[in-house]
Amino acid sequence: MSVLLPGGAGYIGSHTAVELLNSGKEIIIIDNFVNSKPEVLENIKKITGKDFKFYKIDFSDEKELEKVFKENKIDSVINFAGYKAVGESVKEPLKYYRNNVSGAIVLFEVMKKYNVKKIVFSSSATIYGDPGTPEYIEEMGRGKTTNPYGTTKCMIEQILEDIYVSDNSWDIGILRYFNPVGAHESGLIGEEPKGIPNNLMPFIMKVANKELDHLNVFGNDYKGTKDGTGARDYLHVVDLAKGHIKALEKLDKEKSGVFTYNLGTGTAYTVLEMIETFKKVNNIDVPYEIVERRPGDLPIFFANPNKAEKELGWKAEKTLEDMCRDSWNYIKNKS
Ligand code: UD1
């Protein structure tokens, strides 16, 4: 029996593939390489010393997807496939709704047809919107999102909940990620955004690597953060990947249901703390300038991770130093 990973060659998918293989699971990856590279597959094999099946297909291509389900014994799915650039989603909402939401619907239909009813879905802290408090707890539920990317996550969560209402033999895990950073300690897989990145850590790395001359820090006059710059709950991608293994174990054990968890550390670090830690750990300069706030940014938010700890036995273990060191190790290893 195999775990199917749509988008398994991507940043979070590839780290989860490694943890699944290390825990003795068989996996099948499907990916269209729209935001990833074929070398990732070889590197997953190098890290784990294990092999797996791969199909270069789009997860929204029903015919091709059906072939995968016909040819293999699939027990569960962890869905990583989807576009994730917030700014692009504002400019091209239909592209996001078609790919992320329609693609997920195709996937769920094919799963239903082949009687595969166990799924873990990659959601995001962005679904909370702006709940008016910095600490996000699962029970708060979905708020008003500020961009189509976030809305696709809300819609897919809702679709999964509706599927469960219609057929309560499904096992559904919804994981709300906070801010994943870092890379596998081997330096063989990591995050490599195409073009100019949006998120903080990839931007820091481009500056450290002298591909960009400085980092813009978006605002230093936020209230409620240590130094006035924005604060987020950064978590190491390997910790995050391990959260998926725990979620699958939970779905294997439990009768059925929809289980929703925050995956974060519970601590928020500011932009300046990130820069200083990165500089110190890697002994490299990261020039920056304070500029205007970025529209739509919240001052601070972080996970309440207690539910994941209590019910999954999952807790983020790696430190901010680990995150900064491993992110940079991946970039150095490549160049
Ligand atoms: C963003 C997305 C969110 C997504 C998450 C994935 C927005 C509004 N939200 O969240 O939907 O799930 O990434 O990790 O884009 N910063 C700078 N300079 C930079 C880049 C960022 O100062 O060049 C600051 C931001 O103002 C923020 C912090 O760094 O305070 C983190 O930003 P980012 O990495 O983009 O993550 P989020 O804004 O939390």
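Start at 1 and go down the list; that is how both ligands and their atoms are numbered. Note that the structure is predicted; figures quoted are calculated from it, not measured.
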ask   = Which of the numbered atoms in ligand 1 are below 4.0 angstrom from a heavy atom of Leu215?
value = 23 (O)

message = Does the residue Tyr234 have a heavy-atom contact with ligand 1, meaning some pair of atoms that are separated by less than 4.0 Å?
response = yes

Which pairs of donor and acceptor atoms, one on a side chain in residues 73-80, lie under 3.5 Å apart (sequence neighbours left out)?
{"residue": "Asn79", "atom": "OD1", "partner": "Ala81", "partner atom": "N", "Å": "3.0"}

task = Return yes when Ser124 approaches ligand 1 closer than 4.0 angstrom through a heavy atom, no otherwise.
result = yes

note = Quick note on ligand 1: atoms under 4.0 Å from a heavy atom of Phe203 include exactly 23 (O)

ask   = Would Lys95 count as a cation-pi partner of Tyr83, with NZ or CZ less than 6.0 Å from the six-membered ring centre and within 45° of the ring normal?
value = yes

message = Would a single hydrophobic cluster contain both Phe54 and Leu188, if residues Ile, Leu, Val, Met, Phe, Trp and Tyr are joined by side-chain heavy-atom contacts under 4.5 Å?
response = yes

query = Considering only the protein, which heavy-atom contact is closest to atom 36 (O) of ligand 1, and what is its distance?
reply = Asn179 ND2, 3.1 Å

ask   = Tyr149 heavy atoms, cut-off 4.0 Å: which ligand 1 atoms fall inside?
value = 11 (O), 12 (O)

note = Val217 heavy atoms within 4.0 Å reach ligand 1 at atoms 22 (O)

Considering all heavy atoms, the nearest Met323-Lys318 contact = CE-O, 3.8 Å

key: Tyr128 six-ring face occupied by Arg176 cation (under 6.0 Å, within 45°)   = yes

ask   = Is a donor on one side and an acceptor on the other found under 3.5 Å between the side chain of Glu138 and the backbone of Asn262?
value = yes

ask   = Within the structure, does Leu200 bring an N/O atom to less than 3.5 angstrom of an N/O atom in ligand 1?
value = yes

inquiry  = Taking side-chain hydrogen bond (donor to acceptor under 3.5 Å, both in side chains) as the cut-off, I'd like each qualifying pair that reaches into residues 296-308, sequence neighbours left out, listed once.
reply    = Glu135-Asn304, Arg294-Asp297, Asn304-Asn306

note = When distances are taken from atom 5 (C) of ligand 1, the protein heavy atom at minimum range is Asn199 ND2, 4.0 Å

task = May I ask you to check whether Thr270 and Asp227 show a side-chain donor-acceptor distance below 3.5 Å?
result = yes

request  = For atom 8 (C) of ligand 1, find the nearest protein heavy atom and state the residue, atom name and distance (0.1 Å precision).
outcome  = Asp297 OD1, 4.0 Å

query = Strictly under 6.0 Å, is that where the ring centroids of Tyr136 and Phe301 end up?
reply = yes

task = Would you check whether Tyr177 reaches within less than 4.0 Å of ligand 1, judged by its heavy atoms?
result = no

key: Stacked cation flag Lys45 on Phe52, 6.0 angstrom / 45 deg   = yes

query = Side chains of Tyr114 and Glu66: donor-acceptor distance under 3.5 Å anywhere?
reply = yes

Inter-residue atom distance Leu107.CG - Glu62.CD, 0.5 Å rounding = 10.5 Å

note = among protein heavy atoms, the one nearest atom 29 (O) of ligand 1 is Val271 CG2, 3.5 Å

ask   = Where's the contact between Asn198 and ligand 1, heavy-atom distance under 4.0 Å: side chain, backbone, both or neither?
value = backbone

ask   = Nearest protein heavy atom to atom 11 (O) of ligand 1, by residue and atom, and its distance?
value = Thr126 OG1, 3.3 Å

request  = Could you say whether the N/O atoms of Asn147 and ligand 1 ever approach to under 3.5 Å?
outcome  = no

key: Taking atom 30 (O) of ligand 1 as the reference point, the nearest protein heavy atom with its distance   = Gly230 CA, 3.5 Å

Residue Arg294 vicinity, atoms of ligand 1 by number, heavy atom under 4.0 Å = 15 (O), 25 (C), 32 (O), 33 (P), 35 (O), 38 (O)

key: Lys67 to Tyr55, cation-pi by 6.0 Å centre distance and 45° axis angle   = no

query = Relative to ligand 1, is Phe218 under 4.0 angstrom through side chain, backbone, both or neither, heavy atoms considered?
reply = both

ask   = In the protein, which heavy atom is nearest to atom 18 (N) of ligand 1, and how far is it?
value = Asn216 O, 2.7 Å

request  = Could you list the atoms of ligand 1 found under 4.0 angstrom from a heavy atom of Phe301?
outcome  = 39 (O)

ask   = Nearest protein heavy-atom contact for atom 39 (O) of ligand 1: which residue, which atom, what distance?
value = Arg232 NE, 2.5 Å

task = Would you check the N or O atoms of Val86, main chain and side chain alike, for any that come under 3.5 Å of an N or O of ligand 1?
result = no

